[in-house]
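A short write-up of the structure that comes next.
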Amino acid sequence: MENLFGLLVGIAMGFLIQRVRASSPVVILQNLRLENLGIIKFMATTIAVGMITVYTLNLFIPDMLHFDIKPTYLVGVLVGGLIFGVGFGLGGYCPGTCVVGIGEGRRDAWFALAGGIVGALVFTLVYESVVAPIVEMMDFGRITVQDVLHVPAIAAALVIGTLFLVVVKLLPTQVKRA
Amino acid sequence: MTSPVPAPRSGMPAWASLGIIFGLVGAASILLFGPIGVSGTYPRLIGEAARAVDPAYAASNPYLVKMGSLFRAETFLVLGLVIGGFLGARRDAVKAPKVELPHPGHETNAKRYTEAFLAGFLILFGARLAGGCTSGLIISGMTQLSIAGFVFAAGVFATGIGTAKFMQAIRTGAR
């Protein structure tokens with residue numbers, strides 16, 4: 001049953017990513033050059049709506065939610081993000097959008113997927129020697145904003161979610177003519 | 001050049017309406033099986049291949065053991081992305097281009113393929129080091145208010161914006 005849910009969520013995600021043009025490297029690069037902020041605003045809206053929804057549900061049906069907070073091993077998460085950003089700015093794809101791009105018939109998306117498989121392979125090979133020591137550095141565990149600020153989760157979700165929505169409402173979408 | 005974001009049909013721009021729906025889909029995912037995430041499927045694929053070719057090595061690699069079997073909801077999610085992308089593209093009057101050249105200035109298709117391959121390598125290596133990608137850490141992580149999601153997003157946009165501007169500078173400068 002979970003696999004069917006996964007498939008359905010994936011179809012919905014792929015459809016939405018394609019419709020908003022997030023699977024287009026041209027559009028991603030326009031966003032990263034800060035010429036058009038449509039995808040950044042889309043992501044911020046998604047996150048805001050998601051956090052307010054899940055933490056509201058958490059007030060009523062906490063046992064039915066499958067939260068999975070990833071650990072904050074600060075050095076590894078930050079360095080991983082910095083490496084990811086170089087690839088994102090170079091290719092305009094992320095691990096999911098290149099798969100959506102393949103569904104759309106984009107040929108360069110296959111090259112990004114192949115590069116990703118090789119990247120995952122190399123990562124697997126160097127994990128024990130190179131990665132594991134980095135992951136152990138400054139590991140704060142599965143911490144959240146509400147843990148750090150000692151506030152109720154719903155309060156943090158409402159404040160941050162609202163802040164995101166206000167910022168995306170105020171920001172222009174088209175900054176510079178492409 | 002065509003408009004990057006489809007023209008709004010109602011009063012609400014596409015990024016807003018699609019963002020609201022995507023946020024609800026992400027919340028539904030947490031309700032149904034768990035937060036959305038894509039990049040873990042790549043090493044799980046490597047794991048299945050390794051178990052088929054050299055089961056002893058696969059059992060001795062701590063990362064492959066940690067990531068576990070490919071037969072799980074996240075893998076079906078990735079399959080769904082292909083179908084969703086296909087269905088989305090069918091609604092467009094014009095087919096998606098086979099290759100797009102996202103950086104301004106001179107660029108060839110061959111150069112673009114090399115660039116896409118290298119970029120794919122970097123995003124997967126970076127995502128696995130951090131423990132997630134745009135979906136697992138930025139979308140799902142920040143949705144759940146995980147500190148890791150905010151830290152990862154800061155890193156991604158710092159070098160992402162820097163690299164995009166750098167590519168623009170060297171490509172247009174070299175023309």
Side-chain angles (χ1 to χ4, degrees), chain A residues 2-3 5-7 9-12 14-16 18 20 25-27 29 32-33 38 41-42 45-47 49-51 53-54 66 69-70 72 77-78 80-92 94-96 99-100 103-104 107-108 111-112 115-116 119-120 123 127 143-145, chain B residues 4-5 15 18-20 22-23 25-27 29 32-34 38-39 42-43 46 63 73 76-77 80-86 88-89 96 98-100 102 113 116-117 119-126 128-131 133-135 142-143 145-148 151-152 155-156 159-160 163-164:
Chain A
E2 289 207 339
N3 293 338
F5 289 148
L7 184 71
V9 167
I11 293 172
F15 184 82
L16 293 166
Q18 195 281 338
V20 81
V26 164
V27 173
L29 263 298
L32 291 177
R33 288 193 301 265
K41 291 169 74 168
F42 163 75
T45 306
T46 295
I47 292 162
V49 169
M51 73 173 66
T53 306
V54 292
H66 303 85
I69 311 285
K70 296 194 188 239
T72 303
V77 172
L78 184 61
L82 294 170
I83 295 171
F84 186 102
V86 174
F88 196 37
L90 186 66
C94 62
V99 177
V100 177
E104 273 187 281
R107 198 172 292 157
D108 56 347
F111 285 84
F123 181 86
Y127 178 78
I143 50 168
T144 58
V145 172
Chain B
V5 174
W15 60 262
L18 298 174
I20 291 167
F22 201 1
V25 168
S29 183
L32 292 170
F33 62 93
V38 173
S39 69
Y42 288 72
I46 304 286
Y63 190 63
F76 286 86
L77 185 149
L81 292 179
V82 183
I83 302 170
F86 174 78
K98 289 252 182 292
V99 192
E100 278 186 326
Y113 292 143
F117 183 89
F121 184 101
L122 292 171
I123 56 174
L124 255 299
F125 195 95
R128 291 332 302 159
L129 174 57
C133 61
T134 322
S135 52
M142 289 170 74
T143 292
L145 294 169
S146 135
I147 299 293
V151 172
F152 182 73
V156 168
T159 50
T163 305

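Fair warning: this is a prediction, and the values are worked out from it, not measured in the lab. Per chain, numbering begins at 1; letters A, B, ... match sequence-line order.
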Exercise. Does Thr46(A) use its side chain to pair, donor to acceptor, with the backbone of Gly19(B) at less than 3.5 Å?
Worked result: yes

Problem set entry | Under 3.5 Å: donor-acceptor pair, side chain of Ser135(B), backbone of Val38(B) | yes

For this session: Output the option from Val77(A), Leu78(A), Val100(A) having the highest count of non-hydrogen pairs under 4.5 Å with chain B.
Result: Val77(A)

Exercise. Which residue out of Gly50(A), Gly116(A), Gly92(A) racks up the most heavy-atom pairs below 4.5 Å with chain B?
Worked result: Gly116(A)

Problem set entry | NZ-CG distance between Lys41(A) and Leu18(B), expressed to the nearest 0.5 angstrom | 13.5 Å

Exercise. Does Tyr113(B) offer a backbone N or O that forms a donor-acceptor pair with the side chain of Asp108(A) under 3.5 Å?
Worked result: no

Problem set entry | Straight-line distance of Glu2(A) CD to Leu7(A) CG, nearest 0.5 Å | 13.5 Å

Problem set entry | For chain A, the option from Gly126(B), Gly26(B), Gly34(B), Pro43(B) that forms the most heavy-atom pairs under 4.5 Å | Gly126(B)

Exercise. Do you know which of Ile20(B), Leu124(B), Leu77(B) has the most heavy-atom pairs under 4.5 Å to chain A?
Worked result: Leu77(B)

Exercise. Hey, which of Val151(B), Ile46(B), Leu32(B), Ile83(B) has the most heavy atom pairs under 4.5 Å with chain A?
Worked result: Leu32(B)

Seminar exercise, completed: chain B shares the most heavy-atom pairs under 4.5 Å, among Phe15(A), Phe5(A), Phe111(A), Phe88(A), with Phe111(A)

Exercise. Would you say Lys70(A)'s side chain and Ala148(B)'s backbone share a donor-acceptor pair under 3.5 angstrom?
Worked result: no

Problem set entry | Top contributor to chain B contacts, counting heavy-atom pairs under 4.5 Å, from Ala120(A), Gly81(A), Ala12(A), Gly119(A) | Gly81(A)

Seminar exercise, completed: Of Gly10(A), Cys94(A), Gly96(A), the largest count of non-hydrogen pairs under 4.5 angstrom with chain B goes to Gly10(A)

Exercise. Would Tyr42(B) and Phe123(A) count as a close aromatic pair, with their ring centres under 6.0 Å?
Worked result: no

Exercise. If you count heavy-atom pairs under 4.5 Å with chain A, which of Val82(B), Leu122(B), Leu145(B), Val156(B) comes out on top?
Worked result: Leu145(B)

For this session: Counting only heavy atoms closer than 4.5 Å, note whether Tyr127(A) contacts chain B via side chain, backbone, both or neither.
Result: side chain

Exercise. Chain B: which of Ile47(A), Val9(A), Val49(A) shares the most heavy-atom pairs with it under 4.5 Å?
Worked result: Ile47(A)

For this session: For the residue pair Phe125(B) and Phe121(B), categorise the inter-ring angle as parallel (less than 30°), tilted (30 to 60°) or perpendicular (more than 60°).
Result: parallel

